[in-house]
**Student:** 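Mind looking over this structure? Questions follow.
Chain A is the first sequence line, chain B the second, and so forth, proteins listed ahead of strands; every chain is numbered from 1. The analysis underlying the following values was restricted to heavy atoms, covering all of them including side chains, and did not include hydrogens, waters or symmetry mates.
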Amino acid sequence: MSVTRLASTGEMIGADFFRRDPLCCARELVGCELIWGRCGGVIVEAEAYNAIGDEACHCFVRPSTRAFVERNQAGAVYIYLNYGVHWMLNVLVKGTENGFVLIRALQPTRGIALMKRRRRVDDERQLCSGPGKLTQALDITIRHHEMNVCVNKRFCFRKPSHSVEVVADRRIGIRVSAHFPWRFTSRDNQHVSVRPQMGGELRSGE
DNA sequence: TTCGTGATAGAG
DNA sequence: TCTATCACGAAG
């Protein structure tokens, strides 16, 4: 009986990774493992937000977000409370284009029992299959805001041990600029928050 | 489908 | 001060 292992190589992702552009970072983060203290999981869903020309990015409407970009280095986490309930985990990309990657879903790999207690669910698919779920499972809150994930081995990203097939489709949950195909998911993965639309993959001319 | 929840920003 | 908005999730 074969079991799919989703372990990472152990090689930590450095700041250079985030000194490029948000699309490229979001796409390549799929398959990487997020380590957060005693817990972690493989990223199976991520979205890109561009600081310039993207109405859905907080930079478009929030002066405080633009200030965050100015004062922080690539790899800093940007955390905010959504709908008064859910913390959102983003990573600052500061390079050829500035912006953020929103981490939207994980396939749990470590600290699963602890995450189940925090989430008060037993089904592993319910642990981290959404941006608000994963922050609850990993106990990510505003206290982590502005922490840099490229300098601390306890809170970092690790490169994948194997390549993953990535699907690009429209971003979800936003009311503006949703047409950009800037959501990246791991193909057929059961831990993705919402399955990509049929035919929603990257097509030429989009 | 509806609704809770609080940070943020902008108007008055 | 007041109000609109919001990258969500759970319940029904």
**Student:** So does A/Arg171 pair up with A/Glu47, basic N to acidic O under 4.0 Å?
**Tutor:**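 Judged by the 4.0 Å cut-off on N to carboxylate O distance, A/Arg171 and A/Glu47 do not form a salt bridge.
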**Student:** Determine: side-chain N/O of A/Ser193 to OP1/OP2 of C/dC8, distance under 4.0 Å, yes or no.
**Tutor:**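 For C/dC8, neither OP1 nor OP2 has a side-chain N or O of A/Ser193 closer than 4.0 Å.
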**Student:** Nucleotides 3-5 of chain C: which of its N/O atoms have a protein N/O under 3.5 Å away?
**Tutor:**
none

**Student:** For the side chain of A/Arg119, starting at C-beta, report the closest nucleotide among C/dA7, C/dA10, B/dA9.
**Tutor:**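 Closest nucleotide to the A/Arg119 side chain: C/dA10.
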**Student:** Distance-only, no hydrogens or angles: does the A/Asn148 side chain make a donor-acceptor pair with backbone N or O of A/Ala74 under 3.5 Å?
**Tutor:**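 Judged by distance alone, yes, a pair lies under 3.5 Å.
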**Student:** For DNA chain C, which ranges pair as stems of 3 or more consecutive Watson-Crick or G-U pairs, with both donor-acceptor distances under 3.5 Å?
**Tutor:**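 Expected stems, ordered by start: B:1-4 with C:8-11, B:6-11 with C:1-6.
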**Student:** Return whichever of A/Leu81 or A/Gln126 has its heavy-atom-nearest nucleotide of DNA chain C closer to the 5' end.
**Tutor:**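 The answer here is A/Leu81.
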**Student:** B/dA9 P sits how many Å from A/Phe68 CZ, rounded?
**Tutor:**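 Computing the A/Phe68:CZ to B/dA9:P distance gives 14 Å.
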**Student:** For A/Glu45 and C/dA7, what is the distance between atoms CD and C1' respectively, to the nearest whole Å?
**Tutor:**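 So the CD-C1' distance, A/Glu45 to C/dA7, works out to 11 Å.
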**Student:** With the criterion being N/O to N/O and under 3.5 Å, what pairs connect the protein with nucleotides 1-5 of chain B, and how long is each?
**Tutor:**
{"unit_1": "B/dT5", "atom_1": "O2", "unit_2": "A/Tyr83", "atom_2": "O", "d": "2.2"}

**Student:** Is a side-chain donor or acceptor of A/Arg118 paired with a backbone partner of A/Ala137 at a separation under 3.5 angstrom?
**Tutor:**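 Here the side-chain-to-backbone pair exists.
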**Student:** Does A/Asp139 pair with A/Arg143 as a salt bridge, N-O distance under 4.0 Å?
**Tutor:**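 Judged by the 4.0 Å cut-off on N to carboxylate O distance, A/Asp139 and A/Arg143 do form a salt bridge.
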